Amino acid sequence: MPTRHLKAKDESERSSLEVGTPLTARVLLAAPPLRREFFNRDAVTVGRELLGKLLIRRDGRRLLAGRIVEDEAYLGALDPAAHAYSGRTLRNAVLFGPAGHAYVYFIYGNYYCTNVTCMPEGDAGCVLLRAIEPVLGLDAMIQARGLESSSQTGISQIRLISSGPGRMSEALGITRARDNGKDLTERRSDLWIAADGYRPERVIETPRIGITKAVQEPWRFVIAGNRFVSGKRGS
DNA sequence: GAGGAGATCGTCT
DNA sequence: GACGATCTCCTCT
């Protein structure tokens with residue numbers, strides 16, 4: 001994969017790249033994984049409450065983690081924009097299974113998008129994870145994205161690491177072959193979601209983006225002011 | 001900085 | 001054969 005060149009930056013700028021509040025592996029491993037009951041609710045509630053939670057990837061002996069700053073709810077059979085709307089297929093079968101599992105699909109010939117199943121089994125609701133704010137493993141994420149090292153990554157470009165569902169999945173090495181159907185409530189898995197007690201100050205609800213059906217529904221949730229939120233000017 | 005076009009391939013009909 | 005819950009690059013202002 002060719003290296004994508006980002007703007008150079010100086011040392012003073014680099015220190016500010018330690019985005020949000022960087023966490024240690026010890027802190028991440030102490031954070032309890034979200035329980036099945038958390039996901040066994042409607043997708044809108046889960047989407048709103050997932051903001052601020054930690055998405056953690058174990059990659060060999062390494063941990064990568066980011067705080068969820070943007071997501072979207074999809075309501076299954078009730079939602080024309082949802083993959084489950086047209087019924088069960090081989091691709092979306094995970095959506096019809098138990099809550100708290102990863103639904104990963106391939107899109108536009110290049111990218112993977114990562115969802116968490118929710119609602120009681122059979123209802124096929126899910127939450128699309130759209131962006132995280134890196135809290136551990138920043139350099140590994142930059143490498144996974146094919147960007148230059150953090151010593152050369154500009155502050156104005158740092159959001160390119162994990163802002164957007166395709167970028168976020170690539171940064172954490174999430175693929176359909178590796179992660180589709182994985183239980184995200186289980187720390188013994190190599191991908192899970194945990195809570196460390198952080199609560200976002202302000203959450204904004206907006207219409208979902210990148211879809212052509214049910215575009216008016218305000219089921220996209222973002223942490224207000226967070227620089228890793230995708231879209232134009234993070235809106 | 002903003003907007004548009006093209007790339008790319010799995011999935012579904 | 002058509003479409004798509006995206007991203008990057010290029011052009012214009």
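Chain naming here is simple, since letters A, B, ... match the order of the sequence lines and numbering starts at 1 in each. The structure displayed is predicted, hence computed values, not measured ones.
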Next on the checklist: Strictly distance-based, threshold 3.5 Å: is any side-chain N or O of A:Arg187 a donor or acceptor partner for the main-chain N or O of A:Trp192?
Outcome noted: no

Checklist entry - With respect to the phosphate group of C:dC7, does any side-chain polar atom (N or O) of A:Arg145 fall under 4.0 Å of OP1 or OP2? => result no

Checklist entry - For residues A:Ser163 and A:Ser230, is any side-chain donor paired with an opposing acceptor at under 3.5 Å? => result no

Checklist entry - What integer distance in Å separates A:Ile107:CD1 from C:dA5:C1'? => result 6 Å

Checklist entry - For the side chain of A:Phe106, counting heavy atoms from C-beta on, which of B:dG10, C:dT8, C:dG4 is nearest? => result B:dG10

Item to check | Ring-on-base stacking C:dA5 with A:Tyr74 (under 5.5 Å, under 30°) | outcome: yes

Next on the checklist: Could you write out DNA chain B as dot-bracket? Rules: Watson-Crick or G-U wobble, both distances under 3.5 Å, brackets [ ] for crossings, | for pairs with another strand, dot for unpaired.
Outcome noted: |||||||.||||.

Checklist entry - Rounded to whole angstrom units, what separation is found between the CD1 atom of A:Ile209 and the C1' atom of C:dC7? => result 12 Å

Checklist entry - With a 4.0 Å cut-off, would you call A:Lys53 and A:Asp71 a salt bridge? => result no

Checklist entry - Can you check whether A:Thr175 reaches A:Val104 side chain to side chain, under 4.5 Å on heavy atoms? => result no

Checklist entry - Could you state the CZ-P distance from A:Arg208 to C:dT6, rounded to the nearest angstrom? => result 12 Å

Checklist entry - If you measure from the Lys or Arg side-chain nitrogens to the Asp or Glu carboxylate oxygens, is any gap between A:Glu70 and A:Arg220 under 4.0 Å? => result yes

Checklist entry - Between A:Leu129 (CG) and C:dA5 (P), how many Å, whole number? => result 16 Å

Next on the checklist: If you compare every side-chain N and O of A:Arg220 against the phosphate oxygens of C:dA5 (OP1, OP2), does one of them come in below 4.0 Å?
Outcome noted: no

Next on the checklist: So does A:His101 get a backbone contact from the side chain of A:Asp183, meaning a donor-acceptor N/O pair under 3.5 Å?
Outcome noted: no

Checklist entry - Rounded to the Å, how far apart are A:Leu90 CG and B:dG10 C1'? => result 11 Å

Next on the checklist: Let's see if you can work this out: which of B:dT8, C:dA5, B:dC12 has an atom nearest to the side-chain heavy atoms of A:Asn110?
Outcome noted: B:dT8

Item to check | Whole angstrom value for the distance that separates P of B:dC9 from CZ of A:Arg91 | outcome: 16 Å

Item to check | Rounded interatomic separation in angstrom, taking CG from A:Leu128 and C1' from C:dA5 | outcome: 5 Å

Next on the checklist: Rounded to whole Å, please give me the gap between CD in A:Glu72 and P in C:dA5.
Outcome noted: 11 Å

Checklist entry - Between A:Tyr108 and A:Arg176, which has a closest nucleotide on DNA chain B that is more 5'? => result A:Tyr108

Checklist entry - Ring of A:Tyr111 versus six-membered ring of C:dT6: centres under 5.5 Å and planes under 30°? => result no

Item to check | Minimum-distance nucleotide (side-chain atoms of A:Thr89 versus C:dA5, B:dC12, B:dT11) | outcome: B:dC12

Checklist entry - Is a side-chain donor-acceptor pair under 3.5 Å present for A:Ser162 with A:Arg167? => result no

